Amino acid sequence: MDKQDLMTSVSRRRTFAIISHPDAGKTTITEQLLLFGGVLRKAGTVKAKKSGSFAKSDWMEIEKKRGISVTSSVMQFDYAGKRINILDTPGHEDFSEDTYRTLMAVDSAVMVIDSAKGIEPQTKKLFQVCKMRGIPIFTFINKLDRDGREPLELIAELEEVLGIGAFPMNWPIGMGKGLKGLYDIYNHRVELYRKEDEGESYLALDEDGKIVGNSTLTEESIYHQVLEEVELLADAGNQMDAKKIATGNLTPVFFGSALTNFGVKTFLDAYLKFAPAPAAHNDEAGEKISPEAEEFSGFIFKIQANMNPNHRDRIAFVRICAGEFERGMDVTLARDSKKIRLSNSTQFMADSRETLETAVAGDIIGLYDTGNFQIGDTIFSGKHKVQYEKLPQFTPEIFVKVTAKNVMKQKSFHKGITQLVQEGAVQLYQSYSTGEYILGAVGQLQFEVFQFRMLNEYHSEVVMTPMGKKIARWISPEQLDEKMSSSRNILVKDRQGLPLFLFENEFSERWFADKYPDVKLSAKL
């Protein structure tokens, strides 16, 4: 496509991640957004084990069994003239590494908060990552159909704990069984509460903010209380400021109920007015690469094996940062200058997908991979090399020894370990002396997912022997003497064959430093 068509197509893209503490309702709100995009006829919920109506974005078998999201899902749809890419991320802290990398691939974030619980630990952590990157944040305070905390209290906590200005776009009229609707400050109307299948119902407001025409709502005390609170917000609260929203210094706040699909459409419509189109990405030298650049380039932020168990496929997720992708195009892998033809590409609707012919900056696409790609790789089409900035990496904190229970199934055991480790959730090490396999992860639940998937996807039952928490420190091969190893600092090598010690605790690390003062240890590669 020509320059003008590319600019128009890029300007239509809106790419965002949904973040929250576990069980705040982010997967449920994702389902409702997909409804508006015409992708689903009926929304599934995460915990729909009895009905069998599982969340579309929770495609992995363990997600359906456990009722949690354990990996980021990608979904695309068109709505109101925009092409929307949603990334539904895991909320559990044991999967935060996946979420942090995903946040590098989006232009904005939607933060979902439980109205009864307010700001929870994982919400705070993920918010800080967004803040650090200057990502615009939109807040949806969920579960209004249940009794929760006072709205003024929630807004105050949001500003105090997260250190960001908040502008309420609407305000709840009641809560739980007493929920009457939403006072829509931004659209200057009242949205009456209704269940999912009852359709939308709005009441117009006059210039003074009073309901036009006859309505029993005007006679209720809860409505008069809301009017007072809205007036207080207008006088003492933040003012709407699109520039502050764009820089991540002001978050528009929406109240609603994802479960009953109340307030979600209002949120989506407003989000599309303020959410940014794809922005320039930094390369490793700090130079910005425009999304409207002539040549194609992008980076791989996620690799997923066995999205289709029948085909044992492996998909590399690519954030297109610049230019236009065309199926069958030739690209260069920046890491080793290898030339690759991108013949097999796909666009996602969680567990379903279709072959993709073209895509532009802002889109998330999937490339079928036979082992060429690694997380963090840059691919580009021009003669001038492009290398995007590094993705965040986390040093594992807990470790286990892993072996195959059935020694006759070593082939499937090794295949499973190789493919699952490439996804980046668990790290693989080998003992220097015995060659034993050791897995490292940020959280215990990662091991449970690994064990489940080894059995269900590779038919390999594994035995895990806990090693507990360790402190991983790399050492240069030139300084290594294998005699430095002991029971308190186990010597292993990583997947690249580089040596590192797994220290029992900080005391053993200090003891090592005192004994070998000239040896330099590193917390990361």
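Here the structure is a predicted model, which is why all the values come from computation and not from measurement. Throughout, residue positions are numbered sequentially from 1 according to the sequence presented.
Using modelled atom types, one finds a donor on one side chain and an acceptor on the other under 3.5 Å when comparing N238 with E159. In summary, the side chains of D494 and W474 do present a donor paired with an acceptor at a separation below 3.5 Å, with no hydrogens or angles considered. With hydrogens and angles left out, the side-chain atoms of D363 and N85 include a donor and acceptor closer than 3.5 Å.
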- Task: Give the C-alpha distance, both sets of side-chain angles, the deciding distance and a yes or no for side-chain contact (heavy atoms from CB on, under 4.5 Å) between D377 and Q374.
- Result: CA-CA 6 Å; D377 275 344; Q374 296 177 13; 3.7 Å; yes

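In terms of modelled atom types and a separation under 3.5 Å, the side chain of Q76 and the main chain of I364 share a donor-acceptor contact. A donor-acceptor pair under 3.5 Å is formed between the side chain of K3 and the backbone N or O of E292.
Pairs passing the ring-ring contact (aromatic ring centres under 6.0 Å, His included) check and including a residue from residues 107-138, sequence neighbours excluded, read F138-Y271.
Applying the salt bridge (charged side-chain N to carboxylate O under 4.0 Å, His left out) test to D145 and every residue at least two apart in sequence or in another chain returns nothing. Every residue two or more places apart in sequence or in another chain was checked for a ring-ring contact (aromatic ring centres under 6.0 Å, His included) with F450, and none qualifies. Under the side chain to side chain contact (heavy atoms under 4.5 Å, CB included) criterion, E191 pairs with L182, R194, Y202, F262, T266, not counting sequence neighbours. Partners of S508 under the side chain to side chain contact (heavy atoms under 4.5 Å, CB included) rule, at least two apart in sequence or in another chain, are R488, F503, E504, N505. Remark: F167 engages no residue in a ring-ring contact (aromatic ring centres under 6.0 Å, His included) (not counting sequence neighbours). For the ring-ring contact (aromatic ring centres under 6.0 Å, His included) test, no residue two or more places apart in sequence or in another chain qualifies with F373. Listed by chain and residue number, nothing satisfies the side-chain hydrogen bond (donor to acceptor under 3.5 Å, both in side chains) test with S345 (two or more places apart in sequence, or in another chain). For S115, the side chain to side chain contact (heavy atoms under 4.5 Å, CB included) partners are I141, K143, L154, not counting sequence neighbours. Under the side chain to side chain contact (heavy atoms under 4.5 Å, CB included) criterion, A280 pairs with K288, P291, not counting sequence neighbours. The salt bridge (charged side-chain N to carboxylate O under 4.0 Å, His left out) test applied to D5 returns no partner, not counting sequence neighbours.
Considering only heavy atoms from C-beta on, L34 comes within 4.5 Å of M75 through its side chain. Proximity of E284 to T378: side-chain heavy atoms (C-beta onward) are nowhere separated by under 4.5 Å. Counting heavy atoms from C-beta outward, E397 and K470 have side chains that stay 4.5 Å or more apart.
Classification of R149 and E157 as a salt-bridged pair holds, one side-chain N sitting under 4.0 Å from a carboxylate O. A salt bridge links D269 to K265: at least one charged side-chain nitrogen sits closer than 4.0 Å to a carboxylate oxygen. The pair D107-R319 meets the salt-bridge criterion, with a side-chain N (NZ, NE, NH1 or NH2) lying under 4.0 Å from an Asp/Glu carboxylate O.
No option in E294, E295, E326, E324 other than E295 meets the side chain to side chain donor-acceptor pair (under 3.5 Å) test with S381.
The six-membered or imidazole ring of F267 lies near that of F140, with a centre-to-centre distance under 6.0 Å.
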List, one per line, each side-chain donor-acceptor pair under 3.5 Å for residues 244-252, sequence neighbours excluded.
from	atom 1	to	atom 2	distance (Å)
T247	OG1	K243	O	3.2
T247	OG1	K244	O	3.2
T247	OG1	N249	ND2	2.9
N249	OD1	K131	NZ	3.3
T251	OG1	I137	O	2.8
T251	OG1	T139	N	3.4
T251	OG1	T139	OG1	2.8

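Counting heavy-atom neighbours within 6.0 Å of E150 CD, excluding the residue itself, gives a total of 12 or less. Within 6.0 Å of the CZ atom in R146, the count of heavy atoms belonging to other residues, nucleotides or ligands does not exceed 12.
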